[in-house]
Asker: 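Here's a structure for you.
As the structure is a prediction and not an experimental result, all values here were calculated from the model. For the numbers below, each heavy atom of this structure counts, side chains included, while hydrogens, waters and symmetry mates do not. Convention: sequence-line order gives letters A, B, ...; per-chain numbering from 1.
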Amino acid sequence: MSHLTILRTYAQSPSPSTALPPSILFAHSPSSLTIFDAYPKATFHFLILPRIVSPLTASDLASLKALLNRDKATAKDIIVGLREDALVLKASIEEEMVKRFGYKWDIWIGFHAVPSMEHLHLHVISSDLVSPSLKNKKHYNSFHPKLGFFLHLDDVLSWFDTDPSFYTRMSKLEKSEYEPLLKEDLCCYRCNESMKNMPTLKSHLQEEWDNETKSAKTKLEKAKLVQNKRKRNADENPTNVQAKTNEPSGSVTDKSELEEPFKKRIERDDDS
DNA sequence: GTTCTAGAAC
DNA sequence: GTTCTAGAAC
């Protein structure tokens with residue numbers, strides 16, 4: 001069995017849960033399979049595959065390019081379907097992030113412009129890009145969120161609503177246009193700093209993620225303190241909650257801690 | 001897609 | 001001498 005066609009074999013399976021072990025298959029529906037990427041390029045990395053069900057053929061679903069260059073309405077249906085599955089998956093990844101790491105961080109959903117394996121597959125990958133399987137420049141650049149090789153799902157969906165000539169142009173997905181991107185110099189997608197080589201980039205990505213984790217946890221701790229303080233104040237003075245919560249706290253120096261809940265309150269007022 | 005390894009880069 | 005990349009082989 002060739003590694004290059006293994007995904008098609010999965011997608012053709014009439015009974016995925018009996019054919020595939022739970023170490024490969026994460027979930028499935030009548031229209032798709034969600035599998036663990038065999039060589040995850042981040043802490044969380046899954047693939048969503050559309051199943052080959054009539055009237056679709058393996059060749060319709062060979063790649064994003066193949067799909068976009070067939071019937072436009074069908075292509076949109078398939079991609080919208082994959083999106084729904086991806087959002088469900090994203091929610092369960094976030095739940096797992098909170099369980100295992102105490103906070104949640106970005107998850108990217110998209111296609112490679114030029115795939116290296118046959119059969120359409122949607123990547124759902126956490127933004128840390130910290131993984132032993134991320135080994136070379138091509139691996140990294142293929143997921144760099146601003147380089148152009150990784151096609152964010154919502155960008156691809158937006159092509160359907162632009163003028164037809166733009167859709168036609170984007171649907172070409174020419175190898176010659178995208179493959180050179182994989183050879184671009186290494187640079188951190190977060191801070192834009194250029195990196196000499198892969199080992200340097202990998203330790204930098206680890207650092208960036210560590211910093212993200214640290215500040216997320218600090219933020220959560222601060223929020224908890226504010227919450228506890230409000231609760232204490234309310235308990236001490238149940239008849240005058242409003243006056244207490246409006247007191248300036250004095251110790252909070254970071255404005256962003258206050259802006260976020262404030263913004264939400266404004267939005268709620270606007271909605272009603 | 002990965003593994004292996006020659007030779008470039010340091 | 002060691003580290004690292006990138007192309008060939010699978």
Asker: Would you say the ring centers of H121(A) and H119(A) fall short of 6.0 Å from each other?
Answerer: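 So the answer is no for these two rings.
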Asker: How long is the line joining CD1 of I35(A) and P of dG1(B), in whole Å?
Answerer: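 Whole-Å distance recorded here is 14 Å.
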Asker: Starting at CG of L134(A) and ending at C1' of dT2(B), how long is that distance when rounded to a whole Å?
Answerer: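 After rounding, the gap between these two atoms is 14 Å.
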Asker: Judged by modelled atom types alone, do D60(A) and T57(A) share a side-chain donor-acceptor pair under 3.5 Å?
Answerer: yes
Asker: Scan for side-chain hydrogen bond (donor to acceptor under 3.5 Å, both in side chains) pairs involving residues 173-199 of chain A, sequence neighbours excluded, and state none if there are none.
Answerer: R190(A)-E212(A), N197(A)-T200(A)
Asker: So, using salt bridge (charged side-chain N to carboxylate O under 4.0 Å, His left out) as the criterion, who are the partners of K224(A) when residues are at least two apart?
Answerer: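 In terms of salt bridge (charged side-chain N to carboxylate O under 4.0 Å, His left out), with neighbours along the sequence ignored, K224(A) is linked to E221(A).
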Asker: As an exercise, state the distance from SG of C191(A) to NE2 of H204(A), rounded to the nearest 0.5 Å.
Answerer: 3.5 Å
Asker: How is H121(A) classified with respect to the nucleic acid when contacts are heavy atoms under 4.0 Å: base, sugar-phosphate, or nothing?
Answerer: nothing
Asker: Under 3.5 Å between N/O atoms: give me all the protein pairs with nucleotides 3-10 of chain C, atom names plus distance.
Answerer:
residue, atom, partner, partner atom, Å
dT5(C), OP1, M198(A), N, 2.9

